[in-house]
Amino acid sequence: MEFIPKENGWRVNVTYGELHISGDDTFGYRPYQLMIASIVGCSGSVFCKILEKQRISIAGMSIKADVERNAKEANRIESISLRFIVKGKNLNREKLNKNLRIARKNCAMVRSVEKSIHITEEIQIIE
């Protein structure tokens, strides 16, 4: 990837399209938003693939991310809490939690930052 400077940030062309990055969210995605999005996107995708392979049927899912940042250290991301909100009937919480642990072990983004950012995951089931 080649990042090109622009007024108030950077841009890069990727397969899906052009991505604009800026510390000012009126000019592009903020770097911390992209970090959180990459972790959520990877985690969620791996978790969904595992559910699909095990033929666990869900009616829908969303992921809520709560982020704690440290203003005293360049506003670094200290921790991320992910709540997987899974919709469906007769879902086995124990099996979902086991699959979430497997997803964590296979998510490249979580594995890349797990020694510097505290990441927790939990399942919320909605019937």
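We count residues from 1, following the sequence as given.
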Between [X] and [Y], is there a shared hydrophobic cluster once you connect ILVMFWY residues whose side-chain heavy atoms come closer than 4.5 Å?
X	Y	value
Val40	Val113	yes
Leu82	Leu51	yes
Ile21	Met109	no
Leu91	Ile50	no
Tyr29	Tyr32	no

Distance check, rounded to the nearest 0.5 Å: [X] atom [atom1] versus [Y] atom [atom2]?
X	Y	atom1	atom2	value
Gln33	Ser38	CD	OG	12.0 Å
His118	Ser81	NE2	OG	7.0 Å
Arg69	Ile80	CZ	CD1	10.5 Å
Ile123	Asn99	CD1	CG	8.5 Å
Gln54	Lys49	CD	NZ	15.0 Å
Met1	Thr15	CE	OG1	10.0 Å

Contact summary for [X] and [Y], nearest pair of heavy atoms:
X	Y	value
Gly44	Phe84	CA-CE2, 4.2 Å
Ile117	Ser79	CG2-CA, 4.1 Å
Lys64	Asp66	NZ-OD1, 3.1 Å
Cys107	Cys42	SG-SG, 2.6 Å
Ile77	Met35	CD1-CG, 3.7 Å
Ser43	Val110	OG-CG2, 3.8 Å

**Message:** I'd like to know if the side chain of Asp24 pairs up with that of Thr26 as donor and acceptor (distance under 3.5 Å, no hydrogens or angles considered).
**Reply:**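 Yes, a side-chain donor-acceptor pair sits under 3.5 Å.
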
**Request:** Only counting residues at least two apart or in another chain, list the ones meeting salt bridge (Lys or Arg N to Asp or Glu O under 4.0 Å) with Arg111.
**Result:**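 If we apply the salt bridge (Lys or Arg N to Asp or Glu O under 4.0 Å) test to Arg111, skipping adjacent residues, the hits are Glu114.
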
**Message:** My understanding is that only residues two or more places apart in sequence, or in another chain, count here; which of them pass salt bridge (Lys or Arg N to Asp or Glu O under 4.0 Å) with Glu122?
**Reply:**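 Residues passing salt bridge (Lys or Arg N to Asp or Glu O under 4.0 Å) with Glu122: none at all.
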
Hey, is [atom1] on [X] packed in by over 12 heavy atoms from elsewhere, all under 6.0 Å?
X	atom1	value
Met61	CE	yes
Glu52	CD	no
Lys6	NZ	yes
Glu18	CD	yes

**Request:** Measure from the side-chain N and O atoms of Arg76 to the backbone N and O of Ser116, and report whether any donor-acceptor pair falls under 3.5 Å.
**Result:**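 Between the backbone of Ser116 and the side chain of Arg76 there is a qualifying donor-acceptor contact (under 3.5 Å).
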
**Item:** Given Arg104, Arg83, Arg101, the one that forms salt bridge (charged side-chain N to carboxylate O under 4.0 Å, His left out) with Glu121
**Value:**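 Exactly one candidate clears the test, Arg104.
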
